[in-house]
Amino acid sequence: MQELISFIKQAVLQISYELKFPDTSYEKSQNHTGDTQLKFDILSDKIIEKTLSQCPKIKALISEEKEEMLLINDEAEFIVAYDPLDGSSLMDVNFAIGSIFAIYEKSPKASNLKAAVYSVYGPRIELVVCEDVACLYRLNQKDEFVLIKELKMLEKGKINSTGGTQKNWDKKHIDFIKALFDEGYRLRYSGAMVSDVHQILLKGGGLFSYPATKDAPKGKLRAFFEVFPLAFIIEKAGGKTSNGENFSLLELEFNDIHSTTPCFFGSNYEIEKLLKAYT
Ligand code: AHG
Ligand code: MN
Ligand code: MN
């Protein structure tokens, strides 16, 4: 696993170099989920594909920017599913964005997740790596990722990070989000899931939600390379997750590699409150 993670670190480092002087324009193409692709979405995907293809432990790659799974080495044991650039709609405004990686053993299934990693390209380059515990790393001047600390969620937070177009929320979601604000929670939402969840993880609590909406009844965020890896990290750090009905996003199973799901990530208090409000 350490060897595989070292290839992920190389790819993240290269993306971070390219982000210093990027081309922020769009391609004419769309990806599987219908998002118009940025030149940088494609470049990040190419960097990751090229770097991870050299890792002998990787059987196949699943990418947000690729229609199909890419087979690399049938004998190898791990499938890496990744979002090469999360929050790419924020590239033009220079907000923090990131890359997300899920490492599945044998086949892509939440119960086969062995590790998850994400990077944050912000004022600093940070990496969260999680096998059994979630660990925060920062890039130093020698281009090494240095361990900063283990990350732990508290029982309750103060942040309400709530996605989806409000006019398309249903009544129970409107009431639940309002109840959190009435209790004193503060709005913190950038539009890059990776940075918004990173904030909750580093502050130790709060809620990130991207609910089912009238225009996206199955949610917007994609299970294999956005939702499962971040759910794995939040739960290993002692937090909770749900799709609004269940007790863990990691119970969900999907066949299509681009499947989406409503999702909620938080500390214990907020997810318990969600389940009371939703069910
Ligand atoms: P991506 O940039 O990989 O397409 O992902 C964007 C996702 C996620 O990062 C974010 O939470 C959400 O889309 C934002 O959607 P809204 O613009 O609808 O808030
Ligand atoms: Mn994304
Ligand atoms: Mn993306």
Side-chain angles (χ1 to χ4, degrees), residues 8 11-12 15-16 18-19 22 24-27 29-49 61-67 80-102 116-122 128 159-169 173 177 187-201 206-231 233-234 241 243 249 257-266:
I8 291 179
V12 162
I15 293 171
S16 77
E18 296 288 343
L19 271 170
T24 59
S25 62
Y26 281 91
E27 295 280 0
S29 52
Q30 289 189 337
N31 67 14
H32 183 89
T33 0
D35 306 323
T36 303
Q37 292 170 307
L38 279 166
K39 293 215 165 97
F40 211 90
D41 285 316
I42 312 271
L43 178 65
S44 318
D45 185 41
K46 288 214 171 96
I47 290 172
I48 295 170
E49 179 188 327
L61 297 175
I62 292 172
S63 165
E64 178 183 290
E65 307 304 341
K66 294 187 202 307
E67 192 85 23
V80 180
Y82 61 94
D83 177 352
L85 202 62
D86 179 67
S88 55
S89 71
L90 299 175
M91 270 214 63
D92 54 352
V93 294
N94 199 21
F95 276 20
I97 53 184
S99 308
I100 309 172
F101 303 85
V117 177
Y118 68 77
S119 58
V120 176
Y121 312 110
V128 170
I159 295 170
N160 192 1
S161 184
T162 174
T165 310
Q166 297 194 12
K167 79 172 173 82
N168 294 322
W169 287 359
H173 190 69
I177 292 299
L187 175 65
R188 294 284 187 273
Y189 186 74
S190 74
M193 174 199 206
V194 72
S195 310
D196 290 326
V197 172
H198 190 58
Q199 177 169 199
I200 285 170
L201 189 55
L207 183 79
F208 174 87
S209 51
Y210 207 105
T213 56
K214 289 192 194 94
D215 56 336
K218 292 185 176 165
K220 175 184 181 190
L221 297 175
R222 288 138 294 204
F224 289 104
F225 39 81
E226 291 178 319
V227 174
F228 288 159
L230 294 188
I233 293 172
I234 288 285
T241 68
N243 66 351
L249 286 162
I257 57 170
H258 293 281
S259 295
T260 61
T261 176
C263 56
F264 300 82
F265 305 79

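Keep in mind that what you see is a predicted model, and the values were worked out from it rather than measured. If you read the sequence from its start, that first residue is 1, and numbering goes on from there. As the structure lists them, so they are numbered: ligands from 1, and atoms in each ligand from 1.
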**Study point:** Close N or O approach (Ser89, ligand 1; < 3.5 Å)
**Key:**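 No, since none of the N or O atoms of Ser89 sits under 3.5 Å from an N or O of ligand 1.
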Modelled atom types, side-chain donor and acceptor of [X] and [Y], under 3.5 Å:
{"X": "Thr162", "Y": "Tyr210", "value": "no"}
{"X": "Ser25", "Y": "Lys39", "value": "yes"}
{"X": "Asn31", "Y": "Glu65", "value": "yes"}
{"X": "Thr24", "Y": "Asp92", "value": "no"}
{"X": "Asp41", "Y": "Ser88", "value": "yes"}

Counting each atom of ligand 1 from 1 as listed, which ones have a heavy atom of [X] under 4.0 Å away?
{"X": "Asp35", "result": "4 (O)"}
{"X": "Asp83", "result": "3 (O)"}
{"X": "Ala192", "result": "9 (O)"}
{"X": "Tyr210", "result": "15 (O), 16 (P), 18 (O), 19 (O)"}
{"X": "Arg222", "result": "1 (P), 3 (O), 4 (O), 5 (O)"}
{"X": "Tyr189", "result": "11 (O), 14 (C), 15 (O), 16 (P), 19 (O)"}
{"X": "Glu226", "result": "3 (O), 5 (O)"}
{"X": "Leu85", "result": "2 (O), 3 (O)"}

Check your understanding: How would you list, by chain and number, every residue that makes a ring pair (Phe, Tyr, Trp, His ring centres under 6.0 Å) with Phe228, sequence neighbours excluded?
Key ->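 Partners of Phe228 under the ring pair (Phe, Tyr, Trp, His ring centres under 6.0 Å) test: Phe224.
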Check your understanding: What protein N, O or S atoms come within a distance below 2.8 Å of the Mn ion (ligand 2), ordered by chain and number?
Key ->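 For the Mn ion (ligand 2), the protein N, O and S atoms that sit under 2.8 Å away are Asp83 OD2, Asp86 OD1, Glu226 OE2.
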Would the distance check show the side chain of [X] and the main-chain N or O of [Y] forming a donor-acceptor pair, the cut-off being under 3.5 Å?
{"X": "Asp45", "Y": "Ile42", "answer": "no"}
{"X": "Thr260", "Y": "Arg222", "answer": "no"}
{"X": "His258", "Y": "Glu67", "answer": "yes"}
{"X": "Ser119", "Y": "Gly98", "answer": "no"}

**Study point:** Asn31 touching ligand 1 at heavy-atom level, < 4.0 angstrom
**Key:**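 Flag not set, Asn31 not near ligand 1.
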Practice item. From atom 1 (P) of ligand 1, work out which of Gly87, Ser161, Ser209, Gly191 has a heavy atom at the shortest distance. Key: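 It is Gly87 that holds the nearest heavy atom.
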Check your understanding: Is the closest basic N to carboxylate O distance between Lys66 and Asp83 below 4.0 Å?
Key ->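 No, no charged N to carboxylate O under 4.0 Å.
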